[in-house]
Amino acid sequence: MKLFKNAKSAFLMASPYLAWAVIFIVVPLAMVIYYGVTDASGAFTFDNIARISESGYFKALCRSIALAFISTVICFLLAYPLGMILASMKLTRNTYLVTLFILPMWMNFLLRTLTWMTLLEGKGVINTVLEFLHLPTINIINTSGAIVLGMVYNFLPFMILPIYNSLSRIDDNVINAARDLGADSVQTFLRITLPLSVPGIISGITMVFIPALTTFAISTMLGGSKILLIGNIIEQQFTLVYDWHLGSGLSIVLMIFILLNMIIESISDKEGGIF
Amino acid sequence: MGKSLITLEHISKSYDGQLILDDLNLDIHENSFVTLLGPSGCGKTTTLRIIGGFEKPDQGRVVFDGQDITSLAPNKRQLNTVFQKYALFTHMSIEENIAFGLKIKNKPDSYIKDKIRYALKLVNLEGFEKRMPDSLSGGQQQRIAIARAIVNEPKVLLLDEPLGALDLKMRQDMQYELKRLKEELGITFIYVTHDQEEALTMSDHIVVMNQGYIQQEGSPETIYNEPENAFVADFIGDSNIIRATMVRDELVDILGTKFACVDKGFGENKPVDVVIRPEDVELVAPSEGTISGVVTDLTFKGVHYEMDVEACGYEWLVHSTRLSEVGTKVGIKVDPFNIQIMNVPVSEDEEAISETI
């Protein structure tokens, strides 16, 4: 369908967003890149980027990737079966259930994470209950486990929705056709359902992995000050150390990782849903 | 007609407390083209899905070639289905779609290759192996769906309104194509449709269904020429259905005028329903007709004219190649052979059926 008579009117309609994109996306990005490749005197340098190889920063990056990866896997394992259940249900009932899983998103993200802090603390809600029942208390606040828990809790809906969407779009008769042609339920799942839901899986992974990789709020609150992720280090460069050059340099490294992740995903997704 | 291949015995099925099929009994013979025909919600698709194994009946048995297959999973049944809207695997090429069933059965590659070539030739789509389903037209996709089903050499092919999504011209072409396929393959086709013309064109045997009951079954000619009740008469083509009185054998009183007919055994002075097909109503000079009336409406239909004739308080539907202008006085004559007498519905169920017409 041709919506606009010519390129000029299309440009006119797009101009509000273009202005927005230039002011809030292009300019900040340019500034990050400028700071990233200059030193305090303004001279061009790759030092800021290269400093990712320093042990402290490199470890934080590896830890971030590991935790984001684990969280993504857990989210996928939780979301996929759920998506299948939701997609197989009648519309009236699953609307309530989908809403139920989306409900936490209506609450502020920081508030939700803060709640977990209160729950998991040494003298927090969970341990108080455990003590009352004379059961051994648990101590997971300020561990990587707590950070993963926070990531999974916060980002799970972003995995459920796209997977549920792609699964519910599969025509029942396509599944019936596979059964009709002799495939048992496992073969039908592996050869039909799973491949047809790949676009949903890809966008689910992207929507969980990237925020998990860059988060600093979750690790600050649930990891204490002991476990630093790359997000925390970048944040500190801007808010504590005031070394914008190093902060930007490390941000560029992180951006490269995100881009790599998206490129890999778009290659594995024949439908090309991302770009 | 061959021996009985599929038998449905006392099948009942309801969804959410609503009865879809009620004590349905049906025999499907080997090597026949059977059409389940009826309006939407009549239970024809449910019947097909029960045969295919996608639904389990609440009561009754499905017998296939002497074996009870009522609770057998679809993948274990010796039949294949062509679904409404094709249901092709969009992430696979045409070749992979057709090979799906054979790969599941671990057939050798060379066998699969031959089968794909054979099937594509059969549906006139040679050279489409590497294409993706999305790049094909609706008619082509439907042919691929048929090819995908028949490479498995089923004894029975189930077709669920396979032409429903196609345009008229394509639909007519595919009707002949399906008939030819049926002859070439020599297997049983069970076809579901709401299109009476499709049913009449293709079938050996038509099963007319409504509200979960079989209304009538028989050859296309029988169904068309000798409908057993008003529902069948009305559903299969246009007709004049008139409440009348059977005076005695071979004489019926229609709208106060006595017409000779050929039916017997309805008793004397009994109420009956009379069916007269519009092409069987002859328009003659007013003096020559059994009754006379006035043409009130005229439509050109291509092959014939469709006219409404007001006579004896009833609006007669008439199809004729000879034109009579609106306002013309005409006589109406009907050959005794073309007056089909039917029993008036007795039970409330049947009454309900005739009221929905």
Side-chain angles (χ1 to χ4, degrees), chain A residues 1 80 83-84 87-96 162-205 264-275, chain B residues 15-16 45 48-49 51-55 72-93 96-107 115 132-134 141-142 144-154 156-162 164-165:
Chain A
M1 188 176 67
Y80 203 90
M84 286 185 77
S88 69
M89 278 198 306
K90 284 214 180 106
L91 202 68
T92 44
R93 267 197 302 165
N94 75 6
T95 315
Y96 292 114
I163 287 180
Y164 161 68
N165 258 331
S166 66
L167 284 173
S168 60
R169 238 178 275 145
I170 301 174
D171 182 1
D172 278 350
N173 276 343
V174 169
I175 305 296
N176 284 340
R179 298 303 307 273
D180 184 79
L181 294 166
D184 60 33
S185 45
V186 176
Q187 287 167 323
T188 304
F189 175 75
L190 292 177
R191 296 187 189 205
I192 307 295
T193 315
L194 194 61
L196 284 176
S197 63
V198 163
I201 297 173
I202 299 280
S203 56
I205 289 175
I264 293 167
E265 280 167 359
S266 78
I267 289 168
S268 59
D269 174 19
K270 272 189 260 172
E271 318 274 347
I274 304 168
F275 290 120
Chain B
Y15 292 112
D16 302 329
T45 296
L48 195 77
R49 290 172 66 85
I51 298 172
F54 306 113
E55 303 281 355
L72 202 65
N75 50 327
K76 308 268 187 232
R77 299 189 181 201
Q78 279 182 302
L79 37 82
N80 286 112
T81 309
V82 176
F83 293 90
Q84 206 174 358
K85 296 194 205 129
Y86 335 127
L88 294 179
F89 308 133
T90 49
H91 60 299
M92 296 182 188
S93 68
E96 290 168 319
N97 264 281
I98 298 174
F100 187 85
L102 301 172
K103 280 197 180 142
I104 293 281
K105 291 179 198 90
N106 288 319
K107 299 281 187 197
K115 271 287 180 187
M132 294 302 283
D134 288 344
Q141 289 192 39
Q142 193 53 276
I144 297 302
I146 293 166
R148 183 179 68 176
I150 58 180
V151 288
N152 302 287
E153 298 178 355
V156 179
L157 192 65
L158 308 179
L159 301 109
D160 184 9
E161 305 220 19

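First the proteins, then the strands, lettered A, B, ... as listed; each starts at 1. What you see is a predicted model; the values in this text were computed from it and never measured.
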(message) What I'd like to find out is whether the side chain of A:Q187 reaches to under 4.5 Å of the side chain of B:I104, using heavy atoms alone.
(response) yes

(message) A side-chain contact here means heavy atoms from C-beta on lying under 4.5 Å apart; do B:F89 and A:L181 qualify?
(response) yes

(request) Would you mind checking which part of B:R49 comes under 4.5 Å of any heavy atom in chain A, side chain (CB onward), backbone (N, CA, C, O), both or neither? (result) side chain

(message) Does any backbone or side-chain atom of B:L88 lie under 4.5 Å from a heavy atom of chain A? Answer side chain, backbone, both or neither.
(response)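 For B:L88, backbone heavy atoms alone lie under 4.5 Å from chain A.
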
[atom1]/[X] to [atom2]/[Y] distance, rounded to the nearest 0.5 angstrom?
{"X": "A:I170", "Y": "B:T90", "atom1": "CD1", "atom2": "OG1", "value": "8.5 Å"}
{"X": "B:N80", "Y": "A:D180", "atom1": "CG", "atom2": "CG", "value": "4.5 Å"}
{"X": "B:F83", "Y": "A:D172", "atom1": "CZ", "atom2": "CG", "value": "10.0 Å"}
{"X": "A:D184", "Y": "B:K76", "atom1": "CG", "atom2": "NZ", "value": "6.5 Å"}

(request) Sequence neighbours left out, what passes side-chain contact (heavy atoms from CB on, under 4.5 Å) with B:R77? Give chain and number order. (result)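 Per chain and number, B:R77 pairs via side-chain contact (heavy atoms from CB on, under 4.5 Å) with B:I69, B:L72, B:L79.
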
Name every donor-acceptor pair, under 3.5 Å, that has one atom in a side chain of residues 190-200 of chain A and the other anywhere in the protein, sequence neighbours excluded.
unit_1: A:S197; atom_1: OG; unit_2: A:Y80; atom_2: OH; d: 2.6
unit_1: A:S197; atom_1: OG; unit_2: A:T193; atom_2: O; d: 3.2
unit_1: A:S197; atom_1: OG; unit_2: A:L194; atom_2: O; d: 2.9

(request) Specify which of B:K105, B:K103, B:R148 makes the most heavy-atom pairs with chain A at under 4.5 Å. (result) B:R148

(request) Return the minimal non-hydrogen interatomic distance between B:A87 and A:A177, and the atom names on each side. (result)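 Closest approach of B:A87 to A:A177, heavy atoms only: O-CB, 4.0 Å.
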
(request) For atom OH of A:Y96, decide whether the heavy atoms of other residues, nucleotides or ligands shown that lie under 6.0 angstrom number more than 12. (result) no

